[in-house]
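As structure tokens, the structure follows; a few thoughts come after it.
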Amino acid sequence: MPRTQDSPIGLHGLVIMVTRPAHQAAAFSAMLERAGATVVQCPALRITAPADTTALEDAVNRLDDFDILMFNSPNAADYGIGFIHRHRRLPARAQIAAIGVKTAQAIERHGYAVHASPPAHFDSEAFLELPLAADVRGKRVAIFRGQNGRMLLGETLRQRGAEVEFVTTYQRCGPSAAQADRIRAALRQGVDAITVTSSEMLVNLVECLDAPARALLDRTTLISGHERISATARQLGLPAPITAADPTDESMLTAVLQWAAAR
């Protein structure tokens, strides 16, 4: 890749694997490329609509019953609100909450104001520190999320007196056979660092590897978007990753640049 004025020498000549789902990888990949890296997009996670939408349809019919509509990821917002809009708009009386800035932006793109969202850290723990989450006694809360998400948010809100209902808006799947082939091929061809922004992505990545590819992964730098992901890496027997401040594109890029500068 030719070097441009805005391409710092720090990433020039480095190959970075991006494991985000295909529809979420473009912006981050472009940032890395502008910084001088060669990017290999290898999705280790696929996002699809739920196979059974019965529960989602039921929740849509009862939206006016909820006081707080909580979306715990950009995918939850896009798939959930997209489905809701086939039937109706979100009720004006409900407070709308987001797990972080990117989720809030996704909600706003659908035309809604967000009443509560943590300014940093973008996880359940940060959301639970907000005033909206502290005063929930007697309130009905719908949490829109992917299947089998974390239970901490809902359980804590219940302990604080809320009536909580989880609503599955999308499902997460492992890489397709072709995507798994691409991951193994990329490792064989040589990768300097791999960026991972969820524990599930990391588990999927490891599970699709054969023994030679796993050996290559063990010698490749991992850059994760959260301490929970880094803990998962250690549980899988991988070398300790570099942990970004959060999984946003901007923080992940900062972590990659810092790693490159320290090499």
>> Please determine whether salt bridge (Lys or Arg N to Asp or Glu O under 4.0 Å) holds for the pair E57 and R86, giving the CA-CA distance in whole Å, both sets of side-chain angles, and the decisive distance to 0.1 Å.
In response: CA-CA 10 Å; E57 291 168 358; R86 296 175 205 163; over 6 Å; no

>> For D192 and R263: C-alpha separation, side-chain torsions, deciding distance, then whether side chain to side chain contact (heavy atoms under 4.5 Å, CB included) applies.
In response: CA-CA 11 Å; D192 296 292; R263 292 176 80 242; 4.1 Å; yes

>> Run L128 and L152 through side chain to side chain contact (heavy atoms under 4.5 Å, CB included) and show every step you take.
In response: CA-CA 9 Å; L128 288 167; L152 175 66; 4.2 Å; yes

> L238 and R214: side chain to side chain contact (heavy atoms under 4.5 Å, CB included), yes or no, with the steps?
Replying inline: CA-CA 10 Å; L238 296 168; R214 171 60 194 257; 3.6 Å; yes

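The side-chain heavy atoms of L187 and L209, taken from C-beta on, include a pair separated by under 4.5 Å. L222 is listed as a side-chain neighbour of L202, based on a closest heavy-atom distance under 4.5 Å. Between Q24 and P43, the closest side-chain pair of non-hydrogen atoms is not below 4.5 Å. Residues H23 and N75 form a side-chain contact, since some pair of their non-hydrogen atoms from C-beta on lies under 4.5 Å apart. The shortest distance between side-chain heavy atoms of E250 and T254 does not fall below 4.5 Å. Under the 4.5 Å side-chain criterion, counting only non-hydrogen atoms from C-beta, I229 is not in contact with M201. In this structure, T221 and V191 have side chains that are not in contact, with every pair of non-hydrogen atoms separated by 4.5 Å or more. For the pair R20/D249, a side-chain contact is recorded, criterion being any heavy-atom separation below 4.5 Å from C-beta on.
Looking at R46, its side chain does come within 3.5 Å of a backbone N or O of G174 through a donor-acceptor pair. Side chain of R184 to backbone of D210: no donor-acceptor contact under 3.5 angstrom is found. Of the possible polar contacts, none joining the Y112 side chain to the I81 backbone as a donor-acceptor pair under 3.5 Å is found. At least one donor-acceptor pair under 3.5 Å links the side chain of T195 to the backbone N or O of M17. A distance-only check finds no donor-acceptor pair linking the side chain of H115 to the backbone of A97 [under 3.5 Å]. Under the 3.5 Å distance criterion, the side-chain polar atoms of R188 are left unmatched by any main-chain donor or acceptor of L216. Between the Q95 side chain and the D67 main chain, no donor and acceptor come within less than 3.5 Å of each other. With S117 contributing its side chain and I99 its backbone, the two residues share no donor-acceptor pair below 3.5 Å.
The CZ atom of F127 sits 11.0 Å away from the OG1 atom of T103 when rounded to the nearest 0.5 Å. Put simply, CD1 on I194 and OG on S224 are 12.5 Å apart, with the number rounded to the nearest 0.5 Å. Here the CG atom belonging to D123 is positioned 11.0 Å from the CG atom belonging to N72, to the nearest 0.5 angstrom. With values rounded to the nearest 0.5 angstrom, D65 atom CG is found 8.5 Å from R93 atom CZ. Between the OG1 atom of T48 and the CD atom of Q171 there is a distance of 3.5 Å, given to the nearest 0.5 Å. Annotation: the span from Q105 atom CD to K102 atom NZ amounts to 5.0 Å, rounded to 0.5 Å.
Checked against E200 for a side-chain contact (heavy atoms from CB on, under 4.5 Å), the options T197, V203, N204 give a single hit: N204. Of the candidates V167, T168, V164, V164 is the only one forming a side-chain contact (heavy atoms from CB on, under 4.5 Å) with I143.
Connection of I68 to V114 is not established within any shared hydrophobic cluster, with ILVMFWY side chains joined at heavy-atom distances below 4.5 Å, either directly or through further cluster members.
At a cut-off of 3.5 Å, with distance as the only test, a side-chain donor of D246 or T248 sits close to an acceptor on the other residue.
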